[in-house]
Amino acid sequence: MTEPGAAVPLVAAIETIIAIVPDINPPLEALTRLGFSEVWRDGGGDEHVSCAVSLGDCDLELMAPRDSNGPSYFAGLLRDRPGLTMLSLGTPDIDATVSGFRDRGLRVQDPTFRQGARRKFRFVMAGRSVTPGIRAMITQYEDPSPRTRGSDPMKIKKLDHVVIATADLDNALELWQRNVGLTQDAELDKPLGSGFKVARVPIGESFLELVQPVEEAGRFYEQFRQRGEGLFSISVEVEDLDEAVSHLRANGATVSEPEPSIWPGARVARINQGSTHGVSIQLIERK
């Protein structure tokens with residue numbers, strides 16, 4: 001049963017998508033060679049280093065532990081689930097968000113302050129019991145300055161959505177609504193003959209795509225069997241998909257042929273993870 005007031009969203013946008021990697025330099029070099037603009041670097045501190053490329057209205061952060069075999073939190077993440085690992089979800093009032101979580105019976109710590117590479121912010125960490133299926137940072141920036149975009153040969157418009165794999169779609173939807181106040185606006189059962197069902201959960205200008213395998217066959221099931229629940233891929237909207245694919249191929253990337261998206265009125269193409277050092281990125285064009 002949904003608790004009173006649970007439909008009020010406690011977060012407003014996807015600010016950053018975080019990938020844990022053993023070394024930030026190889027994936028950063030690969031992504032910038034393909035046309036993604038580097039927008040910041042951060043020494044990180046004693047435990048990690050990080051940098052980011054622009055996805056338009058969102059950053060893709062590459063984070064590496066200083067000692068991948070050490071006891072740090074980030075080294076543990078690398079051993080547990082390398083690649084796409086975590087979301088930073090923005091809120092205009094982190095104190096109200098923390099109170100909202102606690103009102104729902106969820107355990108979260110008090111906000112922590114940090115001076116980042118670009119901006120000051122306060123944040124709390126949210127585990128899978130709070131943000132179902134994924135780890136998340138809940139973040140409020142003190143200085144909401146415009147994002148740096150740099151050159152953009154792929155003509156990226158914005159982050160379209162992120163894909164989150166789940167073993168139980170109905171339960172995940174219930175928890176996202178009860179815990180975070182996010183509700184679905186569409187659901188598809190075996191779209192385009194695929195072996196999964198999917199629901200769309202809007203957040204700001206983007207959405208979460210929650211996906212559950214329903215057949216023990218197909219590309220998604222094989223990936224789910226290997227990685228389990230969690231953050232799977234990024235989908236970035238571009239102005240012209242054919243032009244973006246041509247640019248990527250000209251710069252050495254392996255990219256699938258454009259094909260219809262599961263969502264009406266859109267086409268997609270997938271960048272092979274070998275071209276991005278394990279970061280799963282899909283391009284989408286909406287008409």
Side-chain angles (χ1 to χ4, degrees), residues 1-20 42 44-48 50 52 58-59 61 63 65 71-81 84-144 159 162 164-168 170-184 201-204 206-208 210 228-232:
M1 179 180 296
T2 301
E3 297 178 10
V8 178
L10 297 180
V11 293
I14 300 174
E15 289 280 353
T16 307
I17 301 164
I18 300 168
I20 303 295
D42 188 351
D46 295 337
E47 294 189 344
H48 76 280
S50 59
C58 175
D59 292 340
E61 179 176 359
M63 182 180 292
S72 74
Y73 175 73
F74 304 102
L77 287 179
L78 180 64
R79 291 190 291 268
D80 178 49
R81 190 182 176 88
L84 296 174
T85 303
M86 188 184 309
L87 297 179
S88 173
L89 304 176
T91 174
D93 188 337
I94 196 164
D95 295 308
T97 295
V98 168
S99 294
F101 284 141
R102 291 171 176 169
D103 288 345
R104 289 158 166 78
L106 302 170
R107 297 181 62 182
V108 292
Q109 296 180 341
D110 292 333
T112 298
F113 173 82
R114 181 156 189 261
Q115 172 67 64
R118 295 181 304 152
R119 298 183 283 178
K120 300 175 182 178
F121 61 93
R122 297 169 68 213
F123 71 97
V124 294
M125 300 302 297
R128 296 171 184 268
S129 62
V130 177
T131 48
I134 62 168
R135 296 178 178 91
M137 291 174 58
I138 313 300
T139 308
Q140 179 186 3
Y141 288 101
E142 292 190 3
D143 177 18
L159 175 71
V162 297
I164 300 173
T166 178
D168 188 332
D170 292 336
N171 183 62
L173 287 169
E174 180 182 353
L175 291 174
W176 274 103
Q177 178 171 343
R178 184 179 68 197
N179 293 0
V180 191
L182 299 179
T183 58
Q184 75 174 71
V201 179
I203 173 172
S206 307
F207 64 92
L208 310 178
L210 306 182
E229 293 188 307
L231 188 59
F232 257 52

* Structure fact -> When rounded to the nearest 0.5 Å, the distance separating CD1 of I20 from OH of Y73 is 8.0 Å
* To do: Check A172 against T166 and note the closest heavy-atom contact, atom names and distance.
  => CB-OG1, 3.7 Å
* Taking all heavy atoms of I94 and all of P111, pick out the closest pair and write down the distance. => CG2-CG, 4.1 Å
* Structure fact -> The side chain to side chain contact (heavy atoms under 4.5 Å, CB included) partners of A126 (sequence neighbours excluded) come to V130, T131, A136, I138
* Rounded distance (nearest 0.5 Å) linking atom CD of E15 with atom CZ of F121 -> 10.5 Å
* State whether the side chain of N179 and the backbone N or O of R104 hold a donor-acceptor pair below 3.5 Å, judged by distance alone. => no
* **Whether over 12 other heavy atoms sit under 6.0 Å from Q115 CD** => yes
* Asked: Can you find a pair of side-chain heavy atoms, one from W176 and one from I203, that are under 4.5 Å apart?
  -> no
* Exam field: side chain Q140 to backbone P92, donor-acceptor pair closer than 3.5 Å -> yes
* Run the numbers on L77 and M86 for side chain to side chain contact (heavy atoms under 4.5 Å, CB included), then give the verdict. => CA-CA 10 Å; L77 287 179; M86 188 184 309; 3.8 Å; yes
* Hey, could you give me the OG/CE distance between S50 and M63, rounded to the nearest 0.5 Å? => 5.0 Å
* **Worked verdict on L210 versus Q184 for side chain to side chain contact (heavy atoms under 4.5 Å, CB included)** => CA-CA 10 Å; L210 306 182; Q184 75 174 71; over 6 Å; no
* Asked: Taking the side chain from R135 and the backbone from T85, do they hold a donor-acceptor pair closer than 3.5 Å?
  -> no
* Steps toward side chain to side chain contact (heavy atoms under 4.5 Å, CB included) verdict (L89, I14) -> CA-CA 5 Å; L89 304 176; I14 300 174; 4.0 Å; yes
* To do: Check whether any side-chain heavy atom of T91 sits under 4.5 Å from a side-chain heavy atom of L10, and report yes or no.
  => no
* To do: Can you measure from OG1 (T16) to CG (L159) and round to the nearest 0.5 angstrom?
  => 10.5 Å
* Asked: Minimum heavy-atom separation for P202 to F207, with atom names?
  -> CA-CB, 3.7 Å
* Can you name the residues that form a salt bridge (Lys or Arg N to Asp or Glu O under 4.0 Å) with D93, not counting sequence neighbours? -> none
* **Main-chain N/O of A167 paired to E229 side chain as donor or acceptor, under 3.5 Å** => yes
* Can D110 and R122 be counted as an ion pair, charged N to O under 4.0 angstrom? -> no
* Just how far is it from atom OG1 of T183 to atom CZ of R178, taken to the nearest 0.5 Å? -> 15.0 Å
* To do: Start with the C-alpha gap between V124 and T112, add the side-chain angles, then the distance that decides, and say whether side chain to side chain contact (heavy atoms under 4.5 Å, CB included) holds.
  => CA-CA 6 Å; V124 294; T112 298; over 6 Å; no
* Asked: Roughly how far apart are L208 CG and L182 CG, rounded to 0.5 Å?
  -> 6.5 Å
